[in-house]
Amino acid sequence: MTFSARHLLGIEHLHPVEITTLLDLAETYVAFNRAPGKHSDVLAGLTQINMFFENSTRTQASFELAGKRLGADVMSMSMQASSIKKGETLIDTALTLNAMHPDLLVVRHPHSGAVNLLAEKVNCAVLNAGDGRHEHPTQALLDALTIRRAKGRLHRLTVAICGDIAHSRVARSNILLLGKMESRIRLIGPPTLIPAGARDWGVEVFDDMRAGLEGADVVMMLRLQKERMDGGFIPSEREYYHRFGLDAEKLAYAKDDAIVMHPGPMNRGVEIDGTLADDINRSVIQEQVEMGVAVRMAAMELLARNLRARAGAVPA
Ligand code: NCD
């Protein structure tokens, strides 16, 4: 068994072989998604419910498309209009939906750990679409697929993750994944946006972009997560852009063939220069979005296989 997990809650508990299995399967879906007639029955008969308690464009759309292309019955709940607004707890909402026998539950929640808690209460497979500042596993997997396609490998690369590391579940899941795949990770940002224990994670930490980008193969920019900040972490956006915003001049310190990534949504002129973000010779930002659908299809297929295997193993 190369992918034995029941849920996809984070990168933390995945084995490198499971990561490779998932990426290899996702690779087959890249071609599938580019061809006309993109429909299969891999998830036929299964019900997928998407519950997004936080805003999302890319993640929600791609989970929905992924499920539909694989033939699942997909329902996206509008959490703004749900009974959560009437005071129902997360767990009560989950138990209510669980009683309708979904097979796959895709959840995004503003609190770290909320998705893990929910997974303990339901019978179906749960996919974490981002919980607080904890994990965002499918984002790290789609980033890994994008890097692997551009660089041909995931090991022995120098990956610079820049910006608001402290509030970023994307950074956390990427650090875990790239560490497992034996890449070298550098975190670059103002000290106020680097988590206290970061130096114990087996990464290098820089507060100077030019020094941190020197010789990097991959430059991953992060959004300033203002909604998670409760005070003045940066003097001003203008000053931040000056010191930490990626532009062509700073990128010149990385390798000549370094790729530029951003999980989106982007704040042009805050963490990245708009022209650079659109430069198809350097930026793989749109490819990340494309890989997102393929990775989510692969994740749901693998979890569905395990779901079916377990159902088959239970005596009637
Ligand atoms: C990220 C998220 O929501 O964690 N976006 C995404 O899923 N592509 C990053 C962010 O919000 O900045």
Side-chain angles (χ1 to χ4, degrees), residues 8-12 26 50-67 76 79-80 106-116 126-147 159 161-178 187-190 193-195 218-230 233-234 237 240-241 244-246 259-272 274 277 283-297 299-300:
L8 181 59
L9 299 175
I11 298 297
E12 190 174 0
N50 300 331
M51 294 165 75
F52 280 67
F53 295 91
E54 232 187 38
N55 296 345
S56 173
T57 304
R58 280 149 284 269
T59 309
Q60 180 161 2
S62 61
F63 264 115
E64 189 163 337
L65 272 182
S76 288
M79 300 320 295
Q80 268 76 17
V106 180
V107 188
R108 168 171 285 193
H109 199 277
H111 297 154
S112 306
V115 183
N116 292 49
V126 176
L127 292 102
N128 182 1
D131 65 320
R133 52 178 88 173
H134 178 224
E135 280 236 39
H136 192 352
T138 55
Q139 179 70 44
L141 288 160
L142 77 86
D143 289 338
L145 185 59
T146 308
I147 295 171
V159 181
I161 306 180
C162 317
D164 183 1
I165 315 284
H167 300 98
S168 177
R169 54 195 175 211
V170 175
R172 215 181 112 76
S173 290
N174 264 299
I175 292 164
L176 289 166
L177 190 152
L178 293 165
L187 306 182
I188 315 174
L193 294 177
I194 302 282
V218 176
V219 183
M220 193 181 285
M221 301 309 298
L222 298 172
R223 184 175 65 91
L224 272 184
Q225 311 235 320
K226 288 181 235 159
E227 74 278 20
R228 299 196 204 289
M229 297 184 187
D230 47 17
F233 283 83
I234 56 160
E237 285 186 1
Y240 183 82
Y241 180 67
F244 296 101
L246 187 69
I259 54 168
V260 174
M261 306 179 74
H262 194 305
M266 245 186 308
N267 289 313
R268 291 170 185 260
V270 179
E271 69 264 358
I272 191 165
S283 161
V284 293
I285 296 172
Q286 295 307 325
E287 182 159 343
Q288 287 174 271
V289 178
E290 182 185 4
M291 294 310 121
V293 182
V295 153
R296 287 164 183 133
M297 290 167 87
M300 290 198 288

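Both counts, for ligands and for their atoms, begin at 1 and track the order of listing. This structure is a prediction, so every number in the text was calculated from the model and none was measured. Computation of the quantities below employed the complete heavy-atom set of this structure, encompassing side-chain atoms and omitting hydrogens, waters and symmetry-equivalent molecules. Here, residue 1 is the first one in the sequence, and each next residue gets the next number.
Tyr241 is linked by a ring pair (Phe, Tyr, Trp, His ring centres under 6.0 Å) to nothing, counting only residues two or more places apart in sequence or in another chain. With sequence neighbours excluded, the residues forming a ring pair (Phe, Tyr, Trp, His ring centres under 6.0 Å) with His109 are Phe53, His111, listed by chain and number. Contacts of Arg133 classified as salt bridge (charged side-chain N to carboxylate O under 4.0 Å, His left out), with partners at least two apart in sequence or in another chain: none.
A donor-acceptor contact closer than 3.5 angstrom is absent between the side chains of Gln288 and His262.
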Going through the distances and angles, do His134 and Asn116 end up as a side-chain contact (heavy atoms from CB on, under 4.5 Å)? CA-CA 11 Å; His134 178 224; Asn116 292 49; 4.1 Å; yes
Check the pair Glu135 / Arg169 against side-chain contact (heavy atoms from CB on, under 4.5 Å), numbers first and verdict last. CA-CA 5 Å; Glu135 280 236 39; Arg169 54 195 175 211; 5.5 Å; no
Could you check ligand 1 for N or O atoms lying under 3.5 Å from protein N or O atoms and list the pairs with distances?
from     : atom 1 : to     : atom 2 : distance (Å)
ligand 1 : 3 (O)  : Arg108 : NH1    : 3.3
ligand 1 : 3 (O)  : Arg108 : NH2    : 3.2
ligand 1 : 3 (O)  : Arg169 : NH2    : 2.9
ligand 1 : 4 (O)  : Arg169 : NE     : 2.7
ligand 1 : 4 (O)  : Arg169 : NH2    : 3.3
ligand 1 : 5 (N)  : Gly264 : O      : 2.9
ligand 1 : 7 (O)  : Thr59  : OG1    : 3.0
ligand 1 : 7 (O)  : Arg108 : NH2    : 3.0
ligand 1 : 7 (O)  : His136 : NE2    : 2.7
ligand 1 : 8 (N)  : Gln139 : OE1    : 3.2
ligand 1 : 8 (N)  : Pro263 : O      : 2.9
ligand 1 : 8 (N)  : Gly264 : O      : 3.2
ligand 1 : 11 (O) : Arg223 : NE     : 3.4
ligand 1 : 11 (O) : Arg223 : NH2    : 2.9
ligand 1 : 12 (O) : Arg223 : NE     : 2.6
ligand 1 : 12 (O) : Arg223 : NH2    : 3.3
ligand 1 : 12 (O) : Gln225 : NE2    : 2.8

